Amino acid sequence: MKKWLWFTLLFILIVTWGIQAYKTINVQWNIVEVVRETKEVSLNDFLKQYSAWTFTKIVLEDDTSLKGYQNLWTWSSVSFLSVPKKLTEQYVNLFETKKPIGTSLKDLWISLTWPVIIDVKFNEKTWRSTLLQDVWPLLIFFVILFLIFKFAMPKGGAGGFPFSVKAGKLNTSKNMKTKFSDVAGMDEVKMELSEIVDYLKNPLKYHKVWARHPKGVLLYGQPGSGKTLLARAVAWESNVPFFSVSWSEFMEMLVGMWAAKVRELFGKAKAVGRAIIFIDEIDAIGKKRGVWSTWGHQEQEQTLNQILTEMDGFDNTTNVIVIAATNRPDILDPALMRAGRFDRKVYVSEPTYDERTLIFDYYLKGKKLDKSINIPSLAKRTSGLVGADIENIVNEAALKEAKENRSLLEQNDFEYALEKVIMGPEKKVKSMREEEKNIIAFHELGHAVTSHILPHADPVEKISIVRRGHALWVTWIMPNEDMYLNSKVKFLDEVVSLLWGRAAEEIFFGSDNITTWASNDFEKATDIITNMIVKYGMDKDLGTVTYLENNKNEYSMFRGYSEQTAQIIDEKIKQYMAECYEKSKKLIIENKELIEKLSVVLLDKEYLSKDEFESMITNFTQEKKPVVKKIVKK
């Protein structure tokens with residue numbers, strides 16, 4: 001809790017205590033009345049106390065309130081703080097009651113000439129007290145409302161109050177430690193961005209030759225590929241303020257506040273001179289316009305228009321560069337992508353084998369490693385993963401090391417981390433029936449054996465019939481190397497491998513006992529065949545035509561081809577799927593004995609590694625060779 005809030009609470013307590021003290025202590029000249037106890041009594045009891053000579057003083061206020069003072073004792077003291085040095089303290093009990101309006105003291109048999117002091121008071125309200133009495137409930141209401149907005153409401157942007165136009169978090173070199181050397185690999189991307197760094201460091205060098213700096217740089221690529229990391233590295237290397245903002249910071253409940261926050265952000269960046277504005281997930285506010293007409297979309301369009309206007313306001317003397325990151329450059333508005341706004345588009349690709357090795361080396365700095373750890377092998381087995389995934393793998397391995405109270409990372413830690421990150425955490429299902437376990441074993445072995453036999457299929461990394469994450473059981477298949485192109489024969493081999501699970505169920509357990517486990521395989525296989533036909537033009541009859549050309553807009557309700565063509569596409573998909581399925585069944589029949597032997601080991605161990613799987617196939621092949629020779633001789 002902030003200091004000012006503590007001071008406010010302390011102030012309220014002190015004021016409350018002072019008011020209570022003022023109410024209980026009445027100072028008149030050199031006599032101080034201290035009320036020890038206050039009692040609310042009925043009018044009859046009050047009059048009985050009066051008749052019993054209990055009161056030394058009676059006070060009538062505003063013709064309704066009666067107060068009787070019972071004197072307990074008197075104490076004299078000397079005060080150095082008050083004007084009269086000698087004070088007399090009278091300790092009293094206070095009795096309070098109400099009398100009917102219009103009834104006089106005589107009517108109540110209270111004598112005005114009795115030795116009891118009678119004090120009559122009429123408190124006339126001034127305009128100030130009346131105003132305060134009427135206004136203070138409103139003041140309390142607004143204070144409570146302010147505190148609710150300050151602490152209870154969700155914070156939009158940098159400030160929590162809903163009418164605030166603060167946007168963007170300012171990061172300086174003191175709280176930014178990311179350098180280009182901390183970004184492993186990506187040499188081409190860093191070379192492209194180093195020109196931005198050079199301009200921000202030496203803008204006069206470019207002004208002399210009338211060169212205009214890039215107003216914006218768009219970083220696009222897969223999530224976790226290092227776009228935000230690169231932007232922070234550019235800011236540190238340039239030694240300029242770094243304003244970071246995301247789409248959620250523009251969200252406000254008031255109309256026009258989104259655009260106001262954009263103006264505030266760009267205004268702050270221009271005020272500091274040289275600066276970088278980093279907008280993360282710009283596709284959230286930079287989508288193509290003209291699709292929806294809702295209130296939220298109108299606000300998004302206003303925000304986008306304000307960004308375009310601010311970027312148009314940059315000139316050669318404005319040393320502010322906008323860096324944006326997105327995973328979906330295809331849905332960005334063309335006005336945002338044109339030259340003069342985002343002049344440079346930098347693709348942050350998946351790391352290559354060499355870059356993955358460097359990333360592993362970077363994240364393993366300072367960690368004690370066992371000699372058995374093979375970093376090149378880890379880099380080879382993480383094809384298709386990005387830097388964030390690799391960092392997660394290293395962290396999971398370190399967590400396992402700490403959990404087991406060890407101080408040395410071993411190869412088994414990385415095996416565990418790889419499987420957990422890629423396939424999900426292990427979860428054994430103890431209630432599985434034996435029949436289901438057999439079907440699953442043959443199903444997964446079908447995928448594995450085909451991937452080993454087919455020349456263009458990716459090799460098997462591990463087979464497991466232990467539940468992992470959302471998948472009940474899994475066959476982990478990884479490519480041997482990074483691939484940038486895929487051929488038609490590779491696509492078909494992948495489909496054969498995907499369909500072999502269902503084919504194995506049908507051959508080993510009968511067509512009536514096939515299960516639902518192959519649904520995800522069918523989905524993947526159908527997507528591969530569909531893209532092969534309508535996207536990549538790999539069918540002779542349909543030709544080299546991309547039938548998705550008119551469907552680039554994800555909001556379109558129309559197809560770019562006729563019903564006859566759609567029927568041909570459906571028939572072609574069924575034809576390819578049927579051919580691949582028949583090929584799967586043929587391969588299973590040819591390798592039926594091998595699959596049965598592998599299933600015995602898999603059901604016993606519940607998993608097979610790549611080395612174990614390949615070793616068993618090699619041994620089985622060597623055992624079969626003599627038998628084949630004898631058959632040939634006969």
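Computed from a predicted structure; not experimentally measured. Because only heavy atoms are used, hydrogens play no part in the values below, and waters and symmetry mates are left out as well, while side chains stay in.
- For the ring pair (Phe, Tyr, Trp, His ring centres under 6.0 Å) test, no residue two or more places apart in sequence or in another chain qualifies with Phe342.
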Evaluate side-chain hydrogen bond (donor to acceptor under 3.5 Å, both in side chains) for Asp370 paired with Ser372, printing each intermediate quantity in order. CA-CA 5 Å; Asp370 187 73; Ser372 63; 2.5 Å; yes
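- For the atom pair CD1 of Ile277 and CD1 of Ile321, the computed distance is 10.5 Å after rounding to the nearest 0.5 Å.
- Here Asn486 pairs with nothing under the side chain to side chain donor-acceptor pair (under 3.5 Å) rule; sequence neighbours left out.
- In this structure, the separation between CG on Leu602 and CZ on Phe613 is 10.0 Å, given to the nearest 0.5 Å.
- Heavy-atom minimum distance, Ser238 versus Val197: OG-CA, 3.4 Å.
- Contacts of Glu612 classified as salt bridge (charged side-chain N to carboxylate O under 4.0 Å, His left out), with partners at least two apart in sequence or in another chain: Lys605.
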Using the salt bridge (Lys or Arg N to Asp or Glu O under 4.0 Å) rule, take Glu494 and Lys490 through it: C-alpha gap first, then chi angles, then the decisive distance, then the call. CA-CA 6 Å; Glu494 286 182 4; Lys490 177 173 175 57; 3.4 Å; yes
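- When every heavy atom of Gly221 is checked against every heavy atom of Asn327, the shortest pair comes out as O-OD1, 3.2 Å.
- Under the salt bridge (charged side-chain N to carboxylate O under 4.0 Å, His left out) criterion, the residue pairs touching residues 388-397 are Glu396-Lys420, with sequence neighbours excluded.
- Partners of Asp333 under the salt bridge (charged side-chain N to carboxylate O under 4.0 Å, His left out) rule, at least two apart in sequence or in another chain, are Arg289.
- Between Leu229 and Thr178, some side-chain heavy-atom pair lies under the 4.5 Å cut-off.
- At least one side-chain heavy atom of Leu332 sits under 4.5 Å from a side-chain heavy atom of Leu218.
- For residues 350-373, the set of pairs meeting the ring-ring contact (aromatic ring centres under 6.0 Å, His included) definition, not counting sequence neighbours, is empty.
- Taking Glu195 as the reference, Arg344 meet the salt bridge (charged side-chain N to carboxylate O under 4.0 Å, His left out) condition, with sequence neighbours excluded.
- Lys190 contributes a side-chain N or O that, together with a main-chain N or O of Val183, makes up a donor-acceptor pair within less than 3.5 Å.
- Once rounded to the nearest 0.5 Å, the distance linking CD1 of Ile533 with CD1 of Ile568 reads 11.0 Å.
- Side chain to side chain, Asn412 and Lys400 fail the donor-acceptor criterion of an N or O pair below 3.5 Å.
- In this structure the side chain of Met577 reaches within 4.5 angstrom of the side chain of Val495, judged on heavy atoms.
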Apply side chain to side chain contact (heavy atoms under 4.5 Å, CB included) to residues Asp187 and Met191 and explain how you reach the verdict. CA-CA 6 Å; Asp187 295 333; Met191 186 179 298; 5.8 Å; no
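- Screening Arg212, Lys215, Arg338 against Asp343 for a salt bridge (Lys or Arg N to Asp or Glu O under 4.0 Å) leaves a single residue, Arg212.
- Under 3.5 Å, the side chains of Asn202 and Asp198 contain a donor-acceptor pair of N or O atoms.
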Run Glu310 and Lys270 through salt bridge (Lys or Arg N to Asp or Glu O under 4.0 Å) and show every step you take. CA-CA 11 Å; Glu310 293 291 342; Lys270 292 176 184 178; 3.4 Å; yes
Under the criterion side chain to side chain contact (heavy atoms under 4.5 Å, CB included), I'd like the reasoning laid out for Ser487 against Met538: C-alpha separation, chi angles, the key distance, then a yes or no. CA-CA 9 Å; Ser487 61; Met538 292 182 174; over 6 Å; no
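- Once rounded to the nearest 0.5 Å, the distance linking CD1 of Ile373 with NZ of Lys371 reads 12.5 Å.
- Remark: Arg381 engages Glu415, Glu461 in a salt bridge (charged side-chain N to carboxylate O under 4.0 Å, His left out) (not counting sequence neighbours).
- A donor-acceptor distance shorter than 3.5 angstrom exists from the side chain of Gln411 to the backbone of Asn374, with no hydrogens or angles considered.
- A salt bridge does not link Arg328 with Asp283: none of the charged nitrogens is closer than 4.0 Å to a carboxylate oxygen.
- Minimum interatomic distance between Ser225 and Val348 (heavy atoms only, all atoms of both residues): O-CG1, 3.5 Å.
- In this structure, Arg274 contributes its side chain and Val240 its backbone to no donor-acceptor pair below 3.5 Å.
- Listed for the Arg341 side chain is a donor-acceptor partner under 3.5 Å among the backbone atoms of Ala335.
- Listed for the Glu355 side chain is a donor-acceptor partner under 3.5 Å among the backbone atoms of Thr352.
- Minimum heavy-atom separation, Asp413 to Ala397: O-CB, 3.7 Å.
- We find the CG-CG distance between Leu193 and Leu219 to be 6.0 Å, quoted to the nearest 0.5 Å.
- None of Val394, Ile390, Leu364, Leu418 except one satisfies the side-chain contact (heavy atoms from CB on, under 4.5 Å) rule with Leu378; the exception is Leu418.
- Side-chain atoms of Arg356 come within 3.5 Å of backbone atoms of Pro351 as a donor-acceptor pair (strictly under, hydrogens ignored).
- For Arg406 (side chain) and Leu408 (main-chain N/O), a donor-acceptor pair under 3.5 Å exists by modelled atom type.
- The side-chain contact (heavy atoms from CB on, under 4.5 Å) test with Cys580 singles out one residue from Leu499, Asp493, Leu498, and that residue is Leu499.
- Under the rule for a side-chain contact (heavy atoms from CB on, under 4.5 Å), the partners of Ala518 that lie at least two apart in sequence or sit in another chain are His443, Arg502, Asp521, Phe522.
- You'll find the side chain of Val322 stays beyond 4.5 Å of the side chain of Phe278, heavy atoms only.
- Under the side chain to side chain donor-acceptor pair (under 3.5 Å) criterion, Tyr347 pairs with no residue at all, not counting sequence neighbours.
- Evaluation of the side chain to side chain donor-acceptor pair (under 3.5 Å) rule for Asp570 yields no partner, not counting sequence neighbours.
- Within 6.0 Å of atom NZ in Lys488, more than 12 heavy atoms from other residues, nucleotides or ligands are found, so the atom counts as buried in its surroundings.
- Glu350 is linked by a side chain to side chain donor-acceptor pair (under 3.5 Å) to Gln222, counting only residues two or more places apart in sequence or in another chain.
- Here Lys535 contributes atom NZ and Met532 contributes atom CE; the two are 14.0 Å apart, rounded to the nearest 0.5 Å.
- No more than 12 heavy atoms of other residues, nucleotides or ligands lie within 6.0 Å of NZ in Lys524, so this atom counts as exposed by the packing criterion.
- Considering every non-hydrogen atom in both Ala231 and Phe242, the closest pair reads O-CE1, 3.6 Å.
- Counting only heavy atoms from C-beta outward, the side chains of Leu454 and Leu587 approach each other to under 4.5 Å.
- In plain terms, the two heavy atoms of Val272 and Ala275 that are nearest each other are CG2-CB, 3.6 Å.
- Remark: the backbone N or O of Phe180 is paired with a side-chain donor or acceptor of Glu237 at under 3.5 angstrom.
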